[in-house]
Amino acid sequence: MSDRHASDHPSAEQLAWLAALPTTMQPSKDVLLVHGTPDNDLAYFLETVTEEGLREATREEVEHRAGTIDAALILCGHTHLQRVMTLDDGRMIINPGSVGLPAYDGDRPHAHRVESGSPHARYAVLSNEVGGWAVELLFVVYDWEQAVRDAEAHARTDWSRALRTGRVEHGSIALSKRNAFWEAVSILKMRTDLRNVTCRRAGKNSWGMSPASTWMKN
């Protein structure tokens with residue numbers, strides 16, 4: 001439902017801008033930005049899904065996913081869970097968390113829940129100190145009750161629980177699995193739409209902002 005809602009509302013120009021975004025971004029030599037991992041936009045970096053559910057990834061798993069990427073900092077997302085891991089070679093993998101979705105469930109490759117445990121907005125502050133990079137993980141209060149009301153106004157009670165508690169509704173994974181086919185259909189439709197549209201304003205998105213000025217807004 002979320003993908004269908006997202007694909008129905010943007011204009012053709014906005015969809016074209018989204019389709020042109022890179023899967024990774026390196027704003028400086030030291031910093032690489034990815035959504036999932038450097039090689040897979042849909043894979044978890046600092047977590048692993050097994051038949052038993054979600055768990056923290058081992059150091060060996062994270063090192064394998066980082067590969068030979070030459071960056072002191074690799075910032076990832078996808079799971080929305082704040083976490084930091086420093087590898088043996090000094091590289092630091094950071095998930096700053098999510099400012100607006102503290103919990104969700106998934107069914108690939110196995111059914112699992114991703115829960116931060118509270119409704120706070122989460123982010124990270126990075127600073128390049130004399131001895132190396134410093135990371136501060138922060139979570140702050142915002143008006144999540146308004147976000148809950150917005151979700152309920154669109155008949156998304158599953159999101160309203162996640163927004164209010166940082167946890168998913170009991171049994172929602174089963175619901176997610178029943179709806180998996182229709183989610184896949186909407187994703188395929190959105191990807192087809194993205195391939196079929198053309199960008200009419202080269203170099204800027206539909207809000208008049210260049211991609212480089214919006215990379216921190218995900």
Is a side-chain N or O of [X] found less than 3.5 angstrom from the main chain of [Y], in a donor-acceptor match?
X    : Y    : answer
Q82  : L138 : yes
E13  : A16  : no
N95  : L81  : yes
R122 : H120 : yes
H110 : V49  : no
T157 : S160 : no

- prompt: Is the ring centre of W159 less than 6.0 Å from the ring centre of H154?
  reply: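 Between H154 and W159, which both carry aromatic rings, the centre distance is not below 6.0 Å.
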message: Under 6.0 Å between ring centres: does that hold for H80 and Y104?
response: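 Yes, the ring centres sit under 6.0 Å apart.
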message: I'd like to know whether NE2 of H64 has more than 12 heavy-atom contacts from other residues, nucleotides or ligands below 6.0 angstrom.
response: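 No, NE2 of H64 has 12 or fewer neighbouring heavy atoms, counting only those of other groups under 6.0 Å.
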- prompt: Crowded around Q146 CD? As in, over 12 foreign heavy atoms under 6.0 Å?
  reply: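 Yes, the 6.0 Å shell around CD holds more than 12 heavy atoms from other groups.
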Would you mind writing out the side-chain donor-acceptor pairs for residues 127-134 within the sub-3.5 Å range, not counting sequence neighbours?
| unit_1 | atom_1 | unit_2 | atom_2 | d |
| --- | --- | --- | --- | --- |
| S127 | OG | E129 | OE2 | 2.8 |

Between [X] and [Y], which heavy-atom pair has the shortest distance, and what is it?
X    : Y    : answer
P102 : S118 : CB-O, 3.3 Å
A162 : A103 : CB-O, 3.5 Å
P38  : T24  : O-CG2, 4.1 Å

Are any non-hydrogen side-chain atoms of [X] and [Y] less than 4.5 angstrom apart?
X    : Y   : value
D30  : L73 : no
V114 : L54 : yes
K29  : D70 : yes

What's the separation between atom [atom1] in [X] and atom [atom2] in [Y], rounded to the nearest 0.5 Å?
X    : Y    : atom1 : atom2 : answer
L46  : T79  : CG    : OG1   : 7.0 Å
T165 : W144 : OG1   : CH2   : 11.0 Å
Y123 : S98  : OH    : OG    : 14.0 Å
E152 : D158 : CD    : CG    : 10.5 Å
I74  : I93  : CD1   : CD1   : 3.5 Å
M25  : L75  : CE    : CG    : 12.5 Å

message: side chain to side chain contact (heavy atoms under 4.5 Å, CB included), that's the test. Do C76 and I94 meet it? Break it down for me.
response: CA-CA 6 Å; C76 65; I94 304 162; over 6 Å; no
field: Chi angles and distances behind the side chain to side chain contact (heavy atoms under 4.5 Å, CB included) call for T48, T58
entry: CA-CA 8 Å; T48 297; T58 66; over 6 Å; no
task: Measure from NZ or CZ of R65 to the centre of the six-membered ring of F45, then state whether that distance is under 6.0 Å and the direction lies within 45° of the axis.
output: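 No, R65 does not lie over the aromatic ring of F45.
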- prompt: Going by the angle between their ring planes, with limits at 30° and 60°, are H112 and Y44 parallel, tilted or perpendicular?
  reply: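 Correct class here is perpendicular.
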Ion pair check, E61 and R55, cut-off under 4.0 Å: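 The answer is yes: the pair qualifies as a salt bridge.
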- prompt: With a 4.0 Å cut-off, would you call E115 and R167 a salt bridge?
  reply: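 Salt bridge: yes.
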task: Under the side chain to side chain contact (heavy atoms under 4.5 Å, CB included) rule, what do D143 and E145 come out as? Steps first, then yes or no, please.
output: CA-CA 5 Å; D143 188 4; E145 286 301 326; 3.9 Å; yes
- request: Run the numbers on V135 and M92 for side chain to side chain contact (heavy atoms under 4.5 Å, CB included), then give the verdict.
  value: CA-CA 10 Å; V135 183; M92 189 180 297; 3.3 Å; yes
Return all side-chain donor-acceptor pairs below 3.5 angstrom for residues 83-91, not counting sequence neighbours, or 'none' if the list is empty.
| unit_1 | atom_1 | unit_2 | atom_2 | d |
| --- | --- | --- | --- | --- |
| R83 | NH1 | E47 | OE2 | 2.4 |
| D89 | OD1 | R91 | N | 3.1 |
| D89 | OD1 | R91 | NE | 3.4 |
| D89 | OD2 | R91 | NE | 2.9 |
| D89 | OD2 | R91 | NH2 | 3.0 |
| R91 | NH1 | G67 | O | 3.1 |
| R91 | NH1 | I69 | O | 2.9 |
| R91 | NH2 | G67 | O | 3.1 |

